[in-house]
Amino acid sequence: MTWKGWLSRAAVAGGLALGTLTTTVASAQETIKVGILHSLSGTMAISETTLKDVMLMLIDEQNKKGGVLGKKLEAVVVDPASNWPLFAEKARELIAKDKVSAVFGCWTSVSRKSVLPVFKELNSILFYPVQYEGEESERNVFYTGAAPNQQAIPAVDYLMKEEKVERWVLEGTDYVYPRTTNKILEAYLKAKGVKPEDISINYTPFGQSDWQTRVAAIKSFGSAGKKTAVVSTVNGDANVPFYKELANQGIKATDIPVVAFSVGEEELAGIDTKPLLGHLAAWNYFMSIDTPANKAFIEKWHAYTKNPKRVTNDPMEAHYIGFNMWVKAVEKAGTTDPDKVIAALPGIKQDNLTGGTSEMLANHHITKPVFIGEIKDNGQFDVVWKTDGLIPGEAWSKQLDGSKDLEADWVKLNCGNYNTKTKKCGGA
């Protein structure tokens, strides 16, 4: 299937949205509105459409339990269309016009950065479900995806120790998440004794389709006699031609393994996985993990979508955790008032789908396990490594000079960037 065909499949899945909305509205009863801010068209629809769908499922499930505070939940779905300024416009529409109590949304960091001023100005709540670059802790945002110490750093440690990698290609899409993550990883690698000439960093635009020249450069870089790996922060539909070109040029996972931070089950669904066999991904959840909670979640997902082939993935689990935390916080606060819900969230715990219990921390990040998975021919992942227990998410990187002295604590310090040396809020 071409990436265009793949994208159209995601767009068709988007048809679940509006038809489902009517089931959440109780005509004679006031509802609690929940905003869903995910791209249903454009380059990121391949990843984000399924997050809209899982939110509709979670809201539907909660309504069957009686809703929240005795009221039904009503989903309000908008499509920011992979257009970063439009994310801010749609966020404002959800909060000011639709009066949603919280928003679940965004994928790319540029979309999250776009909406931050809106959530601060209008004092609403965003649950952000995707791995990101860290270097941020906002009062109005709860980060249920991985911080770098919960994905990027463990992945590099795995490649160093288990795969004996000595040369590193940091390959990313050209925006804030890959650039900041690679800045952290470059500093981390150098601190581990890796020489600058053994690190290659490159960025390509969103939707990059011609990878011939770039893959040839990776192949050349990996021919120096040292074990080489690619750490990929390539996002969205550009991954399909990237892996295809690796295969075209004869680069196997045994030669130059790729560990991806943005390729999961949804991105692999319905495509030829032969070019990807043996390559790796680092996530905090895989569909293949065998726990009773995950099995039950997958069964509910298949029943809801009426499609036994629909996959689950890491950001879906992040929404599952975040949504349930929000429900618990609203019930604890006895209100949907943003200030009271924000205050209630730290300390809230929620069983994840992989066998542990995640907790919302004072820095608005959560505790998560880390897994390295190997891509199989059925589009699933075989877990080859995992952390012992859950890792607390760190808002600020220990690797960067401007960040290592910063602490985020919205409970005791009421600050997202408290400088432990100057004893002042406001960063450096």
Side-chain angles (χ1 to χ4, degrees), residues 34 51 54-55 58 102-107 109 112 116 119 125-155 177 181 184 261-262 264 282-286 289 291 293-294 297 312-333 338 341-371 386-398 406-413 415-417:
V34 178
L51 297 186
V54 80
M55 281 304 304
L58 293 169
V103 175
F104 292 79
C106 300
W107 180 293
S109 284
R112 188 191 70 259
L116 285 183
F119 280 87
I125 301 170
L126 171 68
F127 281 84
Y128 178 64
V130 184
Q131 88 286 359
Y132 86 120
E133 70 281 358
E135 309 307 294
E136 182 180 298
S137 179
E138 295 286 346
R139 177 179 175 273
N140 298 88
V141 182
F142 292 87
Y143 308 81
T144 55
N149 75 302
Q150 295 171 308
Q151 186 188 36
I153 298 295
Y177 162 61
T181 299
I184 292 167
F261 299 161
S262 296
W283 290 105
N284 312 101
Y285 165 93
F286 286 113
I289 292 174
T291 63
N294 193 33
F297 181 76
T312 59
N313 65 12
D314 181 288
M316 288 172 66
E317 191 216 23
H319 262 341
Y320 166 84
I321 293 169
F323 176 77
N324 283 293
M325 284 182 167
W326 173 76
V327 169
K328 290 179 179 180
V330 169
E331 290 174 342
K332 178 182 174 183
V341 175
I342 288 169
L345 271 159
I348 294 284
K349 295 181 180 181
Q350 171 62 37
D351 290 344
N352 59 38
L353 299 176
T354 59
T357 300
S358 291
E359 180 178 357
M360 182 60 70
L361 305 173
N363 64 5
H364 288 191
H365 294 66
I366 68 173
T367 56
K368 300 173 81 78
V370 186
F371 302 93
K386 64 178 181 177
T387 52
D388 294 325
L390 278 66
I391 309 298
E394 295 174 358
W396 298 99
S397 171
K398 293 183 174 73
L406 300 184
E407 179 184 353
D409 186 332
W410 291 103
V411 177
K412 294 178 181 176
L413 301 172
C415 179
N417 54 357

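- Residues E359 and I366 form no side-chain contact, since every pair of their non-hydrogen atoms from C-beta on lies 4.5 Å or further apart.
- For an aromatic pair to be called close, the ring centres must be under 6.0 Å apart, and H365 with Y132 satisfies this.
- Side-chain contact annotation: S397 with E133, donor-acceptor N/O pair under 3.5 Å absent.
- Using a 4.5 Å heavy-atom cutoff, the side chains of W410 and I342 are not in contact.
- The environment of NZ in K349 is sparse: at most 12 heavy-atom neighbours from other residues, nucleotides or ligands sit within 6.0 Å.
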Do Q131 and Y177 pass the side-chain contact (heavy atoms from CB on, under 4.5 Å) test, and can you show the C-alpha distance, the side-chain angles, and the key distance before you say yes or no? CA-CA 9 Å; Q131 88 286 359; Y177 162 61; 3.4 Å; yes
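- Counting only heavy atoms from C-beta outward, the side chains of I125 and N140 never approach each other to under 4.5 Å.
- A distance of 7.5 Å separates CD1 in I391 from CG in N149, rounded to the nearest 0.5 Å.
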Under the side-chain contact (heavy atoms from CB on, under 4.5 Å) rule, what do N284 and V370 come out as? Steps first, then yes or no, please. CA-CA 5 Å; N284 312 101; V370 186; 3.9 Å; yes
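- A side-chain donor-acceptor contact under 3.5 Å links Q150 to the backbone of A147.
- Of all heavy-atom pairs spanning M325 and L345, the tightest one is O-CD2, 3.6 Å.
- Atoms CD and CH2, on Q350 and W326 in that order, are 14.0 Å from each other to the nearest 0.5 Å.
- A distance of 13.5 Å separates CD1 in I348 from CD1 in I321, rounded to the nearest 0.5 Å.
- Put simply, the side chain of Y320 does not reach to within 4.5 Å of the side chain of P129, judged on heavy atoms.
- A donor-acceptor distance shorter than 3.5 angstrom exists from the side chain of Q151 to the backbone of F261, with no hydrogens or angles considered.
- The shortest side-chain heavy-atom distance between L116 and V141 falls under the 4.5 Å cut-off.
- The distance from atom OG1 of T312 to atom CZ of F286, rounded to the nearest 0.5 Å, is 11.0 Å.
- Between L390 and P392 there is no side-chain heavy-atom pair separated by less than 4.5 Å.
- The heavy-atom pair separating G355 from T291 by the smallest distance is N-CG2, 4.1 Å.
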Would F297 and E317 count as a side-chain contact (heavy atoms from CB on, under 4.5 Å) if you check the C-alpha gap in whole Å, the side-chain angles of each, and the deciding distance to 0.1 Å? CA-CA 9 Å; F297 181 76; E317 191 216 23; 6.0 Å; no
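- Across A408 and N363, no two heavy atoms sit closer than the pair O-CB, 3.3 Å.
- The distance from atom CZ of F104 to atom OH of Y128, rounded to the nearest 0.5 Å, is 15.0 Å.
- Summarising the geometry, atom OG belonging to S358 is positioned 9.0 Å from atom CE belonging to M360; distances are rounded to the nearest 0.5 Å.
- Checked against the 6.0 Å centroid threshold, F142 and H364 count as a close aromatic pair.
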Under the side-chain contact (heavy atoms from CB on, under 4.5 Å) rule, what do N352 and Y285 come out as? Steps first, then yes or no, please. CA-CA 9 Å; N352 59 38; Y285 165 93; over 6 Å; no
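- The two atoms that bring I184 and P148 nearest to each other are CD1-CG, 3.9 Å, heavy atoms only.
- The main-chain N or O of E138 is found under 3.5 Å from a side-chain atom of Y143 such that the two form a donor-acceptor pair.
- The nearest pair of heavy atoms linking K368 to T144 is NZ-O, 2.7 Å.
- Residues L126 and C106 come closest through the heavy atom pair CD2-SG, 4.5 Å.
- Annotation: side chain to side chain contact (heavy atoms under 4.5 Å, CB included) contacts of K398 (sequence neighbours excluded): E394.
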